[in-house]
Amino acid sequence: MSQRHAFPSKAFQNALLRWYDHHARTLPWRAVPGQTPNPYHVWLSEIMLQQTTVAAVGPYFQKFTQIWPNVHALAKANPERVMKEWAGLGYYARARNLIACAQQITQEYGGVFPQEELDLLKLRGVGPYTAAAIAAIAFNKQAVVIDGNIERVTARLFRIQKPLPSSKPLIRHHAMDLFKNIKRSGDFAQSLMDLGATICTPQNPKCSECPVKNFCEAFEKGDAALYPLKNKKKKIPVREGKVFWLTKNKQLVCEVREKDRMLGGMLGLPTTDWDLKHDASDVNRDAFKAIDTGLSITHTFSHFKLILKIYAAQVKVLPKKNMKFIPIHDILDSGLPSLFQKVARKMITS
DNA sequence: AAAACGTGGGG
DNA sequence: TCCCCAAGTTT
């Protein structure tokens, strides 16, 4: 019985760090070599980057750091303003948690970020990945950082035959080998993520350019693109509802959505509930006696697709307490989430 | 522990 | 149009 020899961590780490020293991406939140990372920038960028692309985050990071240059400023911020500035980035619980976390840091830590992974893990919106990432990147603490990139890189390096998500424990086991005794913890974590983003990509990985191809079992077999194996996703259902374009002169009725609803805490337009689409039409109650405009929008969320039929009416007063008038002229700049931005754009341009 | 939670871009 | 994906967390 022969066991596979231990993974050559040191040689792997050196090869990857050598590559990183030459090819690291320049990112707005990333400290330049030799400069001390700004924990606020690291934290803010990590929250924004959760399930989001680097390209999408760029402008939001610039805007947030300009308006709120540090945690203290963010902790004191008007929450509605924060939600407005987050509009369009998605996963709005992140913005609600961002505010809560900033307040946690000012109240429980005197405005100074904790450096230990286990303390970071207690912060709102900071889970296992983000706690490890902040500990490593902001404070150069040894931490095993595992995001989607590093899962993919690891699955290929070890040619893992079990599909995600059930392979996560095995991937973690191998990732711990990669990070063993790492000194430049933050650089190493970022080098793995940069590798995943630019070379070891989900499709068409550029294996010939890979600085660690000689450590990679999938490269050896020539089938890196097959990994990580994944279970098939189920199809998402279609739901349908009505959205109301209620005007008074040049003003539009908007509402701040309840925090426990979809798009919670965000500005929106009044809608019915969003029910599963049936053939038997019109399960929805029309609360506002509004007229069918014949217009509609569709929007795909992560777990369902929504068809929203647009109904219009003129009103004299605000229908409910949580509602307010916004000048139609300003509505496209009011911080609507994309779903409602589509409705407003359609109504204004048609 | 599976499902909820957004969005935009690419193939 | 459809599917996949992008620095995950919370319940």
Side-chain angles (χ1 to χ4, degrees), chain A residues 24-25 27-30 41-61 83 86-98 100-101 120-138 143-153 164-166 168-169 172 175 186 188-198 200-205 225 228-239 257 259-266 268 274 297-306 335-342:
Chain A
R25 289 176 292 174
L27 300 171
W29 45 86
R30 189 174 270 182
H41 289 181
V42 174
W43 164 69
L44 179 60
S45 65
E46 290 299 342
I47 301 300
M48 288 183 164
L49 286 161
Q50 291 168 6
Q51 299 289 284
T52 308
T53 57
V54 164
V57 166
Y60 286 87
F61 179 83
M83 300 313 286
W86 195 278
L89 242 202
Y91 283 157
Y92 297 102
R94 292 183 297 168
R96 301 194 299 270
N97 287 334
L98 189 79
C101 183
L120 289 161
L121 198 50
K122 296 173 189 160
L123 299 172
R124 293 295 300 175
V126 175
Y129 160 73
T130 306
I134 296 173
I137 298 170
V144 180
V145 180
I146 304 175
D147 75 326
N149 286 305
I150 297 176
E151 276 182 349
R152 181 173 60 256
V153 170
L164 284 168
S166 55
K168 280 173 183 286
R172 171 165 291 276
F188 184 65
Q190 293 180 93
S191 72
L192 281 167
M193 292 191 272
D194 278 18
L195 185 76
T198 62
C200 195
T201 48
Q203 285 92 29
N204 309 313
L229 303 182
K230 291 190 177 187
N231 290 317
K232 279 170 278 191
K233 309 216 157 102
K234 348 176 191 182
K235 277 186 292 198
I236 59 177
V238 178
R239 298 188 194 184
R257 299 174 62 81
K259 296 213 191 315
D260 57 358
R261 284 210 292 168
M262 188 86 182
L263 309 175
M266 300 301 291
W274 305 340
I297 60 99
T298 66
H299 191 75
T300 305
F301 294 109
S302 53
H303 55 303
F304 63 94
K305 176 173 165 176
L306 180 64
L336 291 174
S338 298
L339 168 67
F340 295 115
Q341 191 77 2
K342 282 185 185 176

Undergrad: Name all residues meeting the salt bridge (Lys or Arg N to Asp or Glu O under 4.0 Å) criterion together with A:Arg257; count only those two or more places apart in sequence or in a different chain, and write none if there are none.
TA: none

Undergrad: Roughly how many Å is it from CZ in A:Arg152 to P in C:dG8, rounded to a whole number?
TA: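 Computing the A:Arg152:CZ to C:dG8:P distance gives 10 Å.
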
Undergrad: Who are the side chain to side chain donor-acceptor pair (under 3.5 Å) partners of A:Thr52, not counting sequence neighbours?
TA: A:Arg94

Undergrad: Got a list of side-chain donor-acceptor pairs under 3.5 Å for residues 42-49 of chain A, not counting sequence neighbours?
TA:
from: A:Ser45; atom 1: OG; to: A:His41; atom 2: O; distance (Å): 3.0
from: A:Ser45; atom 1: OG; to: A:Val42; atom 2: O; distance (Å): 2.9
from: A:Glu46; atom 1: OE1; to: A:Tyr129; atom 2: OH; distance (Å): 2.7

Undergrad: Please identify each residue that fulfils salt bridge (Lys or Arg N to Asp or Glu O under 4.0 Å) with A:Lys168, with sequence neighbours left out.
TA: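 Counting only residues at least two positions away or on another chain, A:Lys168 forms a salt bridge (Lys or Arg N to Asp or Glu O under 4.0 Å) with A:Glu151.
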
Undergrad: Whole angstrom is fine here: how far is it from CG in A:Leu120 over to C1' in C:dG8?
TA: 16 Å

Undergrad: Can you check whether A:Trp86's main-chain N or O pairs, donor with acceptor, with A:Tyr92's side chain at less than 3.5 Å?
TA: no

Undergrad: Determine the contact category for A:Lys232: base if any of its heavy atoms lies under 4.0 Å from a base atom, sugar-phosphate if only primed atoms, P, OP1 or OP2 are that close, otherwise nothing.
TA: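 Answer is nothing: A:Lys232 stays at 4.0 Å or more from every strand.
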
Undergrad: With a 4.0 Å cutoff (strictly under), does any side-chain N or O of A:Lys305 reach OP1 or OP2 of C:dC2?
TA: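 Yes, such a contact exists.
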
Undergrad: Using the salt bridge (charged side-chain N to carboxylate O under 4.0 Å, His left out) rule, take A:Asp147 and A:Arg152 through it: C-alpha gap first, then chi angles, then the decisive distance, then the call.
TA: CA-CA 9 Å; A:Asp147 75 326; A:Arg152 181 173 60 256; over 6 Å; no

Undergrad: Taking only residues two or more places apart in sequence, or in another chain, which ones meet A:Gln51 in a side chain to side chain donor-acceptor pair (under 3.5 Å)?
TA: none

Undergrad: Roughly how many Å is it from CG in A:Leu164 to P in C:dA6, rounded to a whole number?
TA: 12 Å

Undergrad: Between A:Leu123 and A:Ser45, which residue's closest nucleotide on DNA chain C lies nearer the 5′ terminus?
TA: A:Ser45

Undergrad: State which residues pass side chain to side chain donor-acceptor pair (under 3.5 Å) with A:Arg172; sequence neighbours excluded, sorted by chain then number.
TA: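 For A:Arg172, no residue satisfies side chain to side chain donor-acceptor pair (under 3.5 Å) once neighbours in sequence are set aside.
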
Undergrad: Give the rounded distance in Å between these two atoms: CD1 of A:Ile236 and C1' of C:dT1.
TA: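 Nearest whole value for this atom pair: 12 Å.
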
Undergrad: Produce a footprint string for nucleotides 5-11 of chain B: one letter per nucleotide, 5' end first; B if the base is under 4.0 Å from any protein heavy atom, S if only the sugar-phosphate is, - if neither.
TA: BBBS---

Undergrad: A:Asp194 CG to C:dA6 C1': how many Å, rounded?
TA: 14 Å

Undergrad: May I have all residue pairs that pass salt bridge (Lys or Arg N to Asp or Glu O under 4.0 Å) and include part of residues 120-137 of chain A, sequence neighbours excluded?
TA: A:Asp119-A:Lys122

Undergrad: What nucleic acid atoms does A:Lys234 come within less than 4.0 Å of, heavy atoms only: base, sugar-phosphate, or nothing?
TA: sugar-phosphate

Undergrad: What does A:Trp86 touch in the nucleic acid at a heavy-atom separation under 4.0 angstrom: a base, only the sugar-phosphate, or nothing?
TA: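 Contact class for A:Trp86: none.
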
Undergrad: For DNA chain C, which residues of residues 126-137 of chain A approach it to below 4.0 angstrom with any heavy atom?
TA: A:Val126, A:Gly127, A:Pro128, A:Tyr129, A:Thr130

